[in-house]
Amino acid sequence: MNRRGKVCLFIPCLEDMAEVAEISRAVDMKRNIPLHFMLLPGVVLVFIYSYWPMAGLVLAFQKFNIARFASGGYFASPFIGIDNFKYVFGMPEFPRVLWNTVFIASMKIVAGTVAPILFAILLNEVGKAWLKRAVQTVTYLPYFLSWVILGGIISDILSSDGMINQMLASLHFQPVFFLGDNRVFPYMLVITDLWKSTGFNTIIYLAALTSINPALYEAAVIDGANRWKQTLHVTLPGMMPIIVLLGTLSLGDILNAGFEQIFVLYNPVVFQSGDIIDTFNYRIGLLGAKYDIGTAIGLFKSCVSLVMVSVSYALASKFANYRIF
Amino acid sequence: MKRSAGKITFDYLNMTILFLISLLCLFPYIHILAVSLSSSASVAEGKVTFWPVDFTMNSYNFVASGSRFMTAFGISAKRVLLGVVIYMIITAITAYPLSKEDRRFKSRTVYVWYFVVTMFVSGGLIPTFLVVRSTGLMDSIWALILPGAVQIFNIVILLNFLRGLPKELEESSFLDGGGHLTYFLRIALPLSVPCLMTLTLFTIVYHWNAWFDGLIYINSPDRYPLQTYIQMNVIEPGRRVRDITDLDVLKTVSQSTLRAAEVLVTSIPVLLAYPFIQKYFITGITLGSVKE
């Protein structure tokens with residue numbers, strides 16, 4: 001440390017500069033020791049509960065043997081190549097499950113993008129602050145309740161003798177089995193998902209709206225634009241960057257049709273239209289204890305998702321200048 | 001500026017639409033509340049929409065006397081408490097080192113990648129389940145806490161917040177002879193209280209609402225957290241009303257009124273926290289988006 005004195009006393013030459021850099025690096029290294037200790041618990045937990053399961057993906061290529069697994073871990077069961085995948089793709093339900101997943105997820109992506117944008121624009125036009133806040137309070141609430149709670153409420157209201165059907169009956173309509181009819185079930189999933197998340201998802205669009213320069217609106221008014229034209233030519237273009245960003249990022253969700261929601265709302269009658277990869281995997285792999293098959297299904301989904309996520313991030317960083325860190 | 005007739009019409013139309021949407025969001029709760037406060041007979045006859053018919057508190061009395069419900073409530077409360085303490089400590093001690101500059105903390109890049117990879121790649125349902133089982137956590141409350149204890153998103157939010165603190169604070173603290181720990185505990189943490197509040201609320205809601213982990217990791221029904229209990233006993237066709245032997249109670253309590261009451265009681269903690277949540281979540285979202 002007494003070398004430091006030299007730096008203070010003399011005008012440092014190049015060699016000294018290098019020396020100073022070296023010293024400060026050494027100081028940093030010593031000072032940083034607590035940082036490594038702080039990271040240790042997180043590193044250990046992530047290793048056990050994130051990286052170790054990744055090693056478990058080898059199960060997808062094995063014939064799982066519970067006795068061997070218990071004694072020797074992941075690598076003890078015999079390897080059988082891609083037979084598990086052949087089995088999964090050969091299952092009669094699989095094409096339907098895959099289709100349901102993509103169909104429900106894409107409907108949710110489109111509806112879940114359009115509805116919050118429209119809702120944010122309507123909210124933004126409200127002049128009275130208290131009214132705006134009241135609407136926000138009411139519409140954000142379902143987001144914070146779990147699907148178990150919402151599922152309890154939804155299945156009560158939509159059941160065959162529930163409130164909606166009683167209203168339909170009093171208007172002399174046939175009852176609709178909202179949660180028991182394959183023709184309507186997927187759409188009920190989209191509607192109930194909108195109920196839960198639309199309000200909350202407006203937050204980010206409202207933030208985008210407030211960042212639009214008011215001068216643009218003033219200029220538009222002078223040019224004779226009415227409310228509708230202002231929305232079309234100022235508001236929407238102003239929101240476009242965030243719409244493009246969130247739209248591209250949602251590509252990564254193409255196989256995420258909403259496990260928790262479907263799990264609490266579906267029943268065997270609507271498996272045909274509502275069974276998705278995640279619920280299928282849960283029933284076959286976990287409930288049926290076919291761990292090798294379940295891992296193969298999970299790995300298939302992860303691979304497709306990873307590709308989609310990478311594509312979406314590449315697009316997002318290219319078109320919207322987005323980065324995570 | 002004078003408002004044109006068109007604008008006034010639009011304003012009223014807009015308010016009507018928003019009002020209707022809000023009502024649509026609100027009706028389900030009101031209906032459930034009305035059902036939970038009505039007698040089972042009037043519910044079965046379809047008389048109850050938005051106002052209790054044959055007002056009775058019996059469903060709530062039954063819920064409060066049901067020991068399994070109260071046990072599950074207690075387990076959830078314990079889970080929230082343990083979860084918040086552990087998650088917040090891990091978030092803070094992980095976010096702080098990662099908020100340092102690469103230049104001063106050379107291994108940062110390695111650590112960042114180590115954590116970020118897990119955002120995109122995971123072992124999936126079954127390998128994770130097998131790991132939790134082989135680490136001996138099955139049927140224990142720790143199975144609901146440890147596997148998700150490193151919340152990457154919360155860490156990213158906090159580290160972005162820490163990066164926003166003036167660099168001079170750290171430099172002067174080092175000049176005064178303090179190390180990282182002094183700076184972290186004495187300066188960085190106290191300054192991050194608003195951000196930590198937000199993350200605490202995130203964590204409370206996360207733990208209160210989680211139910212799927214309880215379903216797969218907990219085998220004994222008397223150890224279920226509340227939401228898992230609700231999922232098992234309320235969503236799945238119930239079998240408990242059959243246990244009621246008191247005929248007077250049976251006249252007023254049915255599967256639907258009971259379910260309504262349980263669902264409402266379960267959502268009470270979130271409803272109580274909601275004013276704070278609303279205030280802090282929104283700042284939380286904007287916090288996460290602040291980047292240099």
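Proteins get letters first, then strands, A, B, ... in listed order; numbering begins at 1 in each.
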Is [X] close to chain A through its backbone or its side chain, or both, or neither, when contacts mean heavy atoms under 4.5 Å?
X: B:L23; answer: neither
X: B:F27; answer: neither
X: B:F19; answer: neither
X: B:F105; answer: both
X: B:T91; answer: neither
X: B:V131; answer: both
X: B:L125; answer: side chain
X: B:I204; answer: neither
X: B:T228; answer: neither
X: B:V150; answer: side chain

Which residue out of [options] racks up the most heavy-atom pairs below 4.5 Å with chain A?
options: B:L18, B:T94, B:I21, B:T135; result: B:L18
options: B:I155, B:I126, B:V132; result: B:I126
options: B:I90, B:T128, B:L130; result: B:L130
options: B:Y96, B:Y29, B:W208; result: B:Y29
options: B:P147, B:A149, B:S22; result: B:P147

Check for a donor-acceptor pair, side chain of [X] on one end and backbone N or O of [Y] on the other, with a separation under 3.5 Å.
X: A:D292; Y: A:A60; answer: no
X: A:Q62; Y: A:Y74; answer: yes
X: A:T198; Y: A:W195; answer: no
X: B:S76; Y: B:L226; answer: yes
X: B:Y274; Y: A:T137; answer: yes
X: A:N226; Y: A:V221; answer: no
X: A:Y51; Y: A:V44; answer: no
X: A:N281; Y: A:I277; answer: no
X: A:W147; Y: A:F259; answer: no
X: B:T118; Y: B:Y114; answer: no

Less than 4.5 Å to any heavy atom of chain B: does that hold for the side chain of [X], its backbone, both, or neither?
X: A:Q166; answer: side chain
X: A:S159; answer: neither
X: A:V309; answer: side chain
X: A:L40; answer: neither
X: A:F47; answer: both
X: A:I66; answer: side chain
X: A:L286; answer: both
X: A:L122; answer: both
X: A:I48; answer: both
X: A:L141; answer: both
X: A:K30; answer: neither
X: A:L131; answer: side chain
X: A:F37; answer: neither
X: A:V58; answer: neither

Pairing of B:R108 and B:E101 as salt bridge, 4.0 angstrom limit: no
salt_bridge(A:K301, A:D278) N-O dist < 4.0 Å: yes
Pick from [options]: which one has the most heavy-atom pairs with chain B under 4.5 Å?
options: A:R25, A:E125, A:M167; value: A:E125
options: A:T139, A:L59, A:D156, A:L150; value: A:D156
options: A:V46, A:T295, A:V135; value: A:V46
options: A:L206, A:L145, A:N267, A:L299; value: A:L145
options: A:L287, A:V138, A:I297, A:V43; value: A:V43
options: A:G298, A:P53, A:C303; value: A:P53

Any side-chain heavy-atom pair of A:Y205 and A:I121 under 4.5 Å: no
A:L35 vs B:K100 side-chain heavy atoms within contact, under 4.5 Å: yes
Heavy atoms from other residues, nucleotides or ligands near NZ of B:K106 exceed 12 (cutoff 6.0 Å): yes
Heavy-atom neighbours of A:K290 NZ exceed 12 at 6.0 Å: no
Pair B:H180-A:N32, side-chain contact (heavy atoms from CB on, under 4.5 Å): steps then yes or no: CA-CA 7 Å; B:H180 277 296; A:N32 288 345; 3.1 Å; yes
Classify the angle between the aromatic ring planes of [X] and [Y] as parallel (below 30°), tilted (30 to 60°) or perpendicular (above 60°).
X: B:Y183; Y: B:F174; answer: perpendicular
X: A:F263; Y: A:Y282; answer: perpendicular
X: B:Y111; Y: A:H36; answer: tilted

